[in-house]
Amino acid sequence: MAQTLTTADGGLPESHGHVNPGEIAIGVIIGRTSEFFDFFVYAIASVVVFPKLVFSFADPLRGTLYSFAIFALAFIARPIGTAIFMAIDRAAGKNAKLTIALVMLGTSTCAIGFLPGYETVGALSIWLLALARIGQGIALGGTWDGLASLLALNAPPEKRGWYAMIPQLGAALGLIVASGLFAYFIHYLSQEDFYSWGWRYPFFVAFAINVVALFARLRMVVTPDYQRLFNNQDLHPKKISETLRAEGGNVAIGAFAPLASFALFHMVTVFPLSWVYLFTRDNPANFLVIEMVAAVFGAVAIIASGVIADRVGRRVLLGVSAVAIAAFSGFAPQLLDAGPVGEASFMIVGFIILGLSFGQSSGAVASAFSPAYRYTGSAITSDLAWLFGAGFAPLVALVLSSQFGLLASGAYLLSGAICTLVALRMNTRWEAHHRSTPSP
């Protein structure tokens, strides 16, 4: 095991390269923005495109539910991708891992842009979409570059909350760009042109952004300075079985601690778009503009979460945010069902609470990983958190709301808040137990 060469404040000695946390942060933002842009392009198409293109044999509600079922496949496939690409990382290094992931992700995303409809090829259209979605999920498991872990390890102690929120900014930025693209094409193209070719362009843009972002990260990760940083910080890919034996408790708690954030994440992004599109007469382009504006508020709240967390602590902020999400679940459905003004209020308030919570959702528990297992442990935890908290959220929320009314979606949101509070409590007990247990 490489020796950890850090200064007393957790940073690196000046002689160990010319990089700094600010430079690492740029790479993290580029990578996360590209991933979230890809996520939202597919999510928006799952509501406004695929039900008509791929599931034209079903009514709009059933078609959207089928579309959300395929949406979940990437989250199921992502942990498998992590296992495959961690093995590639150990055998051939990060250069090979990220290059293969780049080719696979770009191919899968671009293929969706060429997808034929059900009216053209029948059920083959469904299988092709599912295959491309699984390919995206496996490839996303390989895009874990370790920069977020490196950033966490080298953040100054008094600014750990600030640096923990930096990766989360990618969600707001990705949503703003994806919503803007779709809003533009929906507004300026005829319905026939949009469903014929207009919807395909955001996928080609996603492919281009993924190529640029992954090569930018690859350029950073494989340089001698960063290789030295990874080696000095013990950020090496470990076997998943070994990581789970050593850090299984942190992985389990880390997977459930952000459930409130992820439940709200979909309550203000994918789900409301599906509800407005299916059950109101509002123009989806107008709602996508509302999402863009609300995402700006969310970005500001994410930044604020870093400042607040460094003053009161990340776990405290997560706990208070979970309580706020629980309170929001009591009146959020009524807002969403109250016309354009209610929709805008729902989105802005929701995004502000989301920003405060989501901004610290990965930092509170991930910081507990020992350096030797942080690289692999953080990847596994992220995969499982998105699977449990996000993979089936649009499907479940839409099923509940269509069957029992919008109030049922509030109950779903409340359950996520309860899970977060329980996980944070368990994390506190876990750490107290380990502090009181003598080292062997």
Side-chain angles (χ1 to χ4, degrees), residues 36-37 39-44 46-48 68 71 168-180 182-183 258-280 282 284 286-305 321-361 386 389-398 400-401 406-417 420:
F36 277 108
F37 175 77
F39 170 89
F40 284 119
V41 163
Y42 189 95
I44 295 171
S46 292
V47 175
V48 301
F68 281 167
F71 173 84
Q168 312 301 70
L169 281 172
L173 298 176
L175 176 59
I176 290 169
V177 179
S179 297
F182 269 100
L259 284 191
S261 297
F262 288 145
L264 183 58
F265 185 94
H266 283 90
M267 285 296 292
V268 296
T269 56
V270 185
F271 167 72
L273 177 62
S274 68
W275 180 266
V276 167
Y277 191 69
L278 289 170
F279 298 108
T280 75
D282 294 351
N286 293 339
F287 189 80
L288 287 171
V289 172
I290 292 175
E291 279 202 335
M292 291 174 61
V293 173
V296 173
F297 282 88
V300 173
I302 289 173
I303 294 172
S305 78
S321 298
V323 173
I325 291 171
F328 182 65
S329 69
F331 62 87
Q334 292 89 332
L335 285 177
L336 186 58
D337 203 28
V341 175
E343 291 169 5
S345 301
F346 168 87
M347 295 295 290
I348 291 174
V349 173
F351 261 100
I352 290 173
I353 299 174
L354 174 64
L356 294 174
S357 175
F358 187 68
Q360 299 298 315
S361 63
W386 280 107
F392 298 94
L395 178 63
V396 172
L398 186 56
L400 291 175
S401 298
L406 273 174
L407 283 176
S409 65
Y412 175 76
L413 188 57
L414 177 62
S415 69
T420 289

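The shown structure was predicted, so the numbers you read here are calculated from the model rather than taken from an experiment.
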Heavy-atom closest pair, residues Leu336 and Pro272: CD1-CB, 4.0 Å
Is the shortest side-chain heavy-atom distance between Leu175 and Phe351 below 4.5 Å? yes
Any idea which heavy atoms bring Gly350 and Leu264 closest together, and the distance? O-CD2, 3.7 Å
Can you find a pair of side-chain heavy atoms, one from Phe68 and one from Ser274, that are under 4.5 Å apart? yes
The complete set of side-chain hydrogen bond (donor to acceptor under 3.5 Å, both in side chains) pairs with one or both residues in residues 327-340, sequence neighbours excluded, reads none
Among all residues two or more places apart in sequence or in another chain, which pass the side chain to side chain contact (heavy atoms under 4.5 Å, CB included) test with Ile348? Ala294, Phe297, Ile352
Positive for side-chain contact (heavy atoms from CB on, under 4.5 Å) with Met267, one of Leu354, Ile325, Leu413: Leu413
Can you list the residues that meet the ring pair (Phe, Tyr, Trp, His ring centres under 6.0 Å) rule with Phe71, with sequence neighbours excluded? Phe39, Phe75
Here the pair of heavy atoms bringing Thr420 nearest to Leu259 is OG1-N, 3.4 Å
With sequence neighbours excluded, tell me which residues meet side chain to side chain contact (heavy atoms under 4.5 Å, CB included) with Ile176. Met292, Ala295, Val296
Please name all residues satisfying side chain to side chain donor-acceptor pair (under 3.5 Å) with Ser261, sequence neighbours left out, ordered by chain then number. Ser357
What pair of heavy atoms forms the shortest contact from Leu273 to Glu291, and how long is it? CB-OE2, 4.5 Å
Leu398 backbone acceptor or donor facing Ser401 side chain under 3.5 Å: no
Compare all side-chain heavy atoms of Phe182 with those of Val47 and state whether any distance is below 4.5 angstrom. no
What residues form a ring pair (Phe, Tyr, Trp, His ring centres under 6.0 Å) with Tyr42, not counting sequence neighbours? Phe50
Do you know the tightest heavy-atom contact between Ala183 and Val289? CB-CG2, 4.3 Å
With the side chain counted from C-beta on, respond yes when Phe40 and Ser179 share a heavy-atom pair under 4.5 Å apart, and no when they do not. no
Hey, could you give me the CD1/OG1 distance between Ile44 and Thr269, rounded to the nearest 0.5 Å? 9.0 Å
On a heavy-atom basis, which atom in Gly416 and which in Ala263 lie closest, and how many Å separate them? CA-CB, 4.4 Å
Sequence neighbours excluded, which residues qualify as side chain to side chain contact (heavy atoms under 4.5 Å, CB included) partners of Asp282? Val276, Thr280, Glu343
Could you pull out all residues at least two apart from Phe36 that satisfy ring pair (Phe, Tyr, Trp, His ring centres under 6.0 Å)? Trp386
Non-neighbouring partners of Ala332 that pass side chain to side chain contact (heavy atoms under 4.5 Å, CB included), sequence neighbours left out: Phe328, Phe346
